[in-house]
Amino acid sequence: MDKKTGVYICHCGLGGSTETEEILKKLPKGSIVKDSQYLCDITEQELLIKDINEKDLEQVVVACFASDVHRSIFKKVGDEVGFLPNLIKIEESDDVVEKIIAALDDLKPIKPEETEVDVNPSVLVIGAGIVGEQASLDIGDAGYKVYLVERRPNIGGHMAQLDKTFPTLDCASCIGTPKMVATGQHPNIELLTCSEVIEVSGHAGEFKVKVLRHPRYVDENECTGCGICVDNCPAVVASEFNLGVGPRKAIYIPFAQAIPLAAIRDPEHCLSCRMCEYVCDKKAIRFDQEEEIIEFEVGSILVTTGFELFNCDLRPELGYDKYDRVINALELERLCAPTGPTAGEILIHGKPPKNIVFVQCVGSRDKNVGNEYCSRVCCMYATKQCNLVREKVPDAKFTICYTDIRAFGKGHEEFYNRMQDEGVIYLRGIVSEVYRGENGMMKVRVENTLMVEPVELEADLVVLSAGLVAPADTPQLANMLNLDVGDDKFLAEAHVNIRPMETRVKGIYMAGCAQGPKDISDSVAQTSGAAAKATIPISFGKVKIGPEDEVKVVKETTATAAPIEKEVTG
Amino acid sequence: MEFVDEIIETGGPILGSEHMETLRVCMQCGKCTGGCPSGRLTAIRTRKMILSALLNMRDEVLSSDELWLCTTCYTCYERCPRNVKVTDITRTIRNIAGREGYLAKSHRMAASYVIKTGHGVPINDAVKESRKKLGLSEIPPTTHAYKDALKGIQTLAKKTKFDELIDFDWETMNLKE
């Protein structure tokens, strides 16, 4: 350590100035140590440049609170003096002197070696739920090519499984189907269903992408979705789209409005009788279809891989795996939906349920199962589901057992108010256990915390408001794209406040529940933002990249074995 | 010292301070009270007790009867969504209450059996019968079989002043009063 050094301590995030003298004592002759209040300010940076030039400083260290965010701010300094300040992240709990001295021991010069590259005018969007669709439509409308990769046989994601949306009680199909159709028909969107991204390399502006396309065993372009193959297929299995409530065939169309509207054959359950082939007028059945690798290049990547539903078996005291009168909220959604397996008729053991208890925070706000976060949608979807069931069963009674009601979105508090007005009982207390009483009805044990009294509610239907969790293979996806995973197991953003749609890799963005639980309103808002972010380098045409922006290829595939649709239930 | 700190400090050396610190993060959801097998039949309201401790209501908590109604079954401890170590916290509060002379009669009684027999629950005919059925010796190899060992336990009780804590009368070999 013999270089003339400038140490600048930016103390607005550190809560006060530090012992500059003590640091100076340990530095070579001609060095300086300065306490600065706002180094991110342009005037302060000009002073920094002046110092470097006048005092012939050979290296500069900036100790500040949020160094990850501030790297780009010192670009001007780099341009002027030929090297970039080394940023040291200091937190309030750190010993500032000790940390700076330790960092100086092993300081490597950073040259501003960014190069400018052309940007491929196309975007890869991974995951085609409402979030991936909206982003693709926005980017497509901006005039750029979109590769929309979806692992399942159809687009639409979880929203396609919903009956209605909160807080306005819009029919989910009525507002979701037009988006699906528009996505399927958009001239700039290339839809790759039954497909998974298996390798990404390159950098912002020019990512090389490999996609594995699983066989559908049906020619998507020839199939008209007439369903004659489905009608004639003899093999019946449980429908993943309907969460096992109701059947499907071994060759099937997941749901009536599916996009692309084409059948898919599930080889695991197919009896190979080839009846489908025999009855198909269009000759669209392809038993010999094989998986293929598709390669292309894009300028930006947008990750919109969504969520999975919490596995309620991890809270065994709630009896989800034991009692058929205990179901999860998405299953109730399928029972309510006119497109569902019961055509919207809600029957539990052959009768409409009259006493329904909702159990909130199942797998959310629960460190015990590793999910410390709030899932942000369950308070409102349970409130909504009371309305959905009431439409079908007007004399049903509803109790929502909650920890805290979180009605923070636009129109949410009003909706909560409305459902209280319509007689839904909100009981403050988390359900401790569910068991079957002698009369066969469910008993729900919960403390009415506001009355400080443990109570036992009787219910003919218990609905578990399951939380949202990160898709199980998020770590592999993160690995492939060189992204970070947060403590909540969702993908980590570059900064939660000011860079929520960016990732640690330049050119890779994310939106919706891939980043963390959020409702449809917030997801759609975020995805349009992320779409704009992803198109910025494309519309500019060039992007600056450094060596650290290169995506390292990870030789571990995220691809799963067929049947692909198994992923739906999570 | 605030009561909440006193509880954490008291339990810390035995259970670990991290374990005890969980007391602070109770979110008052009631999962403990709702499933408490004792509370179904008795007056114990686990969440209220934790809340009272957090609000530093020292006298109320230490003098309450419900403090002694926990059976230490650990159901609340297993289910708590914030991983609050409820049962261990309850036991620690009992230790403080014991020191302050609030030990419940039933607990003093059980403790007196430890001095008298070496067991909180001494062997009885039913247990002897069960042991025989299981192919075990009728009397277990404890103070029941080794009467000399009981002397050791009684010496320990005196040295640790356990006898004073529970108000044990060596003459009547029973609780005072």
Side-chain angles (χ1 to χ4, degrees), chain A residues 310 312 314-319 357 359-375 378-379 399-406 426-435 437 442-457 459 462 464-467 487, chain B residues 15-55 57 60-61 64-67 69-90:
Chain A
F310 173 72
C312 294
L314 297 176
R315 271 297 189 183
E317 71 272 19
L318 300 178
V357 173
V359 181
Q360 297 307 107
C361 297
V362 179
S364 309
R365 303 185 70 189
D366 189 352
K367 281 193 205 170
N368 211 317
V369 297
N371 302 336
E372 199 174 345
Y373 55 85
C374 166
S375 288
C378 326
C379 287
T399 308
I400 298 181
C401 300
Y402 68 97
T403 323
D404 299 292
I405 289 292
R406 295 189 165 168
Y426 288 80
L427 187 153
R428 194 193 175 282
I430 269 308
V431 169
S432 197
E433 57 196 21
V434 177
Y435 72 105
M442 304 320 297
K443 305 276 187 187
V444 178
R445 284 191 176 137
V446 57
E447 181 193 2
N448 183 332
T449 58
L450 300 177
M451 303 290 279
V452 201
E453 203 51 49
V455 292
E456 199 169 76
L457 311 172
V462 176
L464 305 184
S465 293
D487 289 340
Chain B
L15 299 155
S17 36
E18 212 175 297
H19 198 82
M20 295 303 296
E21 288 282 352
T22 59
L23 167 58
R24 297 190 201 273
V25 299
C26 170
M27 65 171 174
Q28 304 300 322
C29 70
K31 183 110 182 168
C32 47
T33 316
C36 177
S38 171
R40 213 172 298 151
L41 308 165
T42 72
I44 186 170
R45 301 289 177 261
T46 316
R47 181 191 56 81
K48 188 181 161 216
M49 197 165 68
I50 295 287
L51 180 59
S52 305
L54 282 169
L55 296 175
M57 296 163 71
E60 287 88 334
V61 174
S64 70
D65 291 333
E66 61 179 301
L67 176 58
L69 297 172
C70 166
T71 65
T72 63
C73 73
Y74 283 86
T75 302
C76 51
Y77 180 106
E78 288 291 329
R79 290 180 183 168
C80 175
R82 281 273 174 95
N83 285 339
V84 177
K85 308 298 180 188
V86 191
T87 317
D88 290 344
I89 289 162
T90 307

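Numbers restart at 1 for each chain; the letters A, B, ... are given by sequence-line order, proteins then strands.
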Exercise for the section: Quick one: closest heavy-atom pair of A:S432 and B:G34, and the distance? Expected result: CB-C, 3.4 Å
Problem - Distance, nearest 0.5 Å, that separates CG of A:N368 from CZ of B:R82 - result: 12.5 Å
Practice task
Output yes when a side-chain donor or acceptor of A:R365 lies under 3.5 Å from a complementary backbone atom of B:P81, and no otherwise.
Solution key: no
Exercise for the section: Kindly compute the distance separating CD (A:E317) from OG1 (B:T75), expressed to the nearest 0.5 Å. Expected result: 10.0 Å
Practice task
May I ask you to say whether A:E456 pairs ionically with B:R40, meaning some side-chain N is under 4.0 Å from a carboxylate O?
Solution key: no
Handout entry: Side chain / backbone / both / neither for A:V455 at chain B, heavy atoms under 4.5 Å
Key = neither
Practice task
For atom CG of A:D404, decide whether the heavy atoms of other residues, nucleotides or ligands shown that lie under 6.0 angstrom number more than 12.
Solution key: yes
Practice task
Please report the closest heavy-atom contact between A:R315 and B:R79, naming both atoms and the distance.
Solution key: NH2-O, 2.8 Å
Practice task
Output yes when a side-chain donor or acceptor of A:R445 lies under 3.5 Å from a complementary backbone atom of B:C36, and no otherwise.
Solution key: no
Exercise for the section: Pick whichever of A:N371, A:T403, A:V446, A:D366 has the most heavy-atom pairs under 4.5 Å with chain B. Expected result: A:D366
Practice task
Using non-hydrogen atoms and a 4.5 Å limit, figure out which bit of B:C76 sits close to chain A: side chain, backbone, both or neither.
Solution key: neither
Exercise for the section: Could you tell me whether A:E453 and B:R45 have a side-chain N and a carboxylate O separated by less than 4.0 Å? Expected result: yes
Completion exercise
Looking only at B:M27, B:Q28, B:K48, B:R47, the option with the highest number of non-hydrogen pairs under 4.5 Å against chain A is B:R47
Completion exercise
Residue from A:V369, A:N448, A:T449 scoring the most non-hydrogen pairs under 4.5 Å with chain B is A:T449
Practice task
For residues B:V25 and A:K367, determine if any side-chain heavy atom of one lies less than 4.5 Å from a side-chain heavy atom of the other.
Solution key: yes
